[in-house]
Amino acid sequence: QELYPDKDIYSLEVLDLSELELTDISCLAGLTQLKMLLLTKNQIHDISVLPELTRLERLHLSCNQIEDISPLTELPQLKYLNLSVNQISNLQPLSELTQLTHLGLAYNQIQDVSPLSEMNQLEELCLNFNLIRDLVPLPKLTSLKFLDLFNNNIQDISPLGELKQLERLLLHNNRTQDSSVLDPSTLPWSELSHLKYISLYGNNLPQNFGTIGELREYYIGRKTKRA
């Protein structure tokens, strides 16, 4: 017996089930034509049904109660994934999702970002409000244009000097105290010729900054500075 009497539902490519207080999404089984699925602001723990949806390209799962993201390893076509505001600490299941261009992981419990190191198609990565200290795995993300790392525990930002396509960088409210980051002639900034915006306030840094490539605007203290 089929779950849905109306057979047209099986041809759906876009489905929005946001803000419905859902806890069980097993009803999605069989909707194998879906390319975009929105499940934002529910109460979802279990996402084990998702591997059946192998055509998914965009998946919105922010503001739920998800800890285990291992089912996502079966969704290699994903290009956009938002997992912000969940209870995620282990990113290893994401290591196979190398087609991702946009990834949201803000407001989780993440310390280790090394599983993201091979995602060289990523253009936008949001990791704010986590527990990250080490940025060494990130230099391979050579397509990144937007990187959000504010409110973590980062001291050394020199690995970011390899991200030569970077345009916008948010690093405020970390633990960076090395004033050499304000010298545009040295790493991490000397090769970032596309950088237009950087936010560094909340890091106990001096209130001065030189010129970096196409940099147009930056925050070091509470006021906007224009290069």
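Computation of the quantities below employed the complete heavy-atom set of this structure, encompassing side-chain atoms and omitting hydrogens, waters and symmetry-equivalent molecules.
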What's the verdict on side-chain contact (heavy atoms from CB on, under 4.5 Å) for L50 and L61, showing C-alpha distance, side-chain angles and the deciding distance? CA-CA 11 Å; L50 294 182; L61 284 167; 4.1 Å; yes
Measure across [X] and [Y] and return the closest heavy-atom pair with its distance rounded to 0.1 Å.
| X | Y | answer |
| --- | --- | --- |
| P137 | S114 | CB-CA, 3.5 Å |
| P159 | P139 | O-CG, 3.4 Å |
| L163 | L144 | CD1-CD1, 4.1 Å |
| E52 | G30 | OE1-N, 3.5 Å |
| Y80 | L100 | N-CD2, 3.8 Å |
| L169 | L195 | CB-CD1, 4.1 Å |

Distance from [X] atom [atom1] to [Y] atom [atom2], nearest 0.5 Å?
| X | Y | atom1 | atom2 | answer |
| --- | --- | --- | --- | --- |
| L127 | L170 | CG | CG | 12.0 Å |
| H45 | Q87 | NE2 | CD | 7.0 Å |
| L83 | I110 | CG | CD1 | 8.5 Å |
| L105 | L81 | CG | CG | 7.0 Å |
| L37 | L75 | CG | CG | 10.0 Å |
| R168 | I198 | CZ | CD1 | 11.5 Å |

Over 12 foreign heavy atoms within 6.0 Å of CD, E96: no
Above 12 or not: heavy atoms from other molecules or residues under 6.0 Å from NZ of K79? yes
Do [X] and [Y] share a hydrophobic cluster (ILVMFWY, side-chain heavy atoms under 4.5 Å, transitive)?
| X | Y | value |
| --- | --- | --- |
| L20 | L31 | yes |
| V136 | L192 | no |
| L56 | M36 | no |
| L22 | L12 | yes |
| L38 | V49 | no |

Short side-chain to backbone donor-acceptor contact, [X] and [Y], under 3.5 Å:
| X | Y | value |
| --- | --- | --- |
| S143 | Q121 | no |
| N64 | N42 | yes |
| N174 | N152 | yes |

Pick from I88, N108, N86, N90: which one makes a side-chain contact (heavy atoms from CB on, under 4.5 Å) with I69? I88
Evaluation steps, side-chain contact (heavy atoms from CB on, under 4.5 Å), between D134 and V113: CA-CA 8 Å; D134 184 9; V113 295; over 6 Å; no
Using side-chain heavy atoms (C-beta onward) and a distance below 4.5 Å, is [X] in contact with [Y]?
| X | Y | value |
| --- | --- | --- |
| S18 | K41 | no |
| L135 | I157 | yes |
| T40 | N82 | no |
| E57 | Q99 | no |
| L72 | L94 | yes |
| M119 | L141 | yes |

So L28 and L39, side-chain contact (heavy atoms from CB on, under 4.5 Å) or not? Walk me through it. CA-CA 11 Å; L28 297 175; L39 292 165; 4.3 Å; yes
Does Y10 form a side-chain contact (heavy atoms from CB on, under 4.5 Å) with T32? I'd like the steps, not just the answer. CA-CA 7 Å; Y10 290 100; T32 57; over 6 Å; no
For a quick check under 3.5 Å, do Q33 and R55 share a side-chain donor-acceptor pair by atom type? yes
Residue pairs fulfilling ring-ring contact (aromatic ring centres under 6.0 Å, His included) with at least one residue in residues 135-165, sequence neighbours excluded: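 Matches after skipping sequence neighbours: F129-F150, F150-H172.
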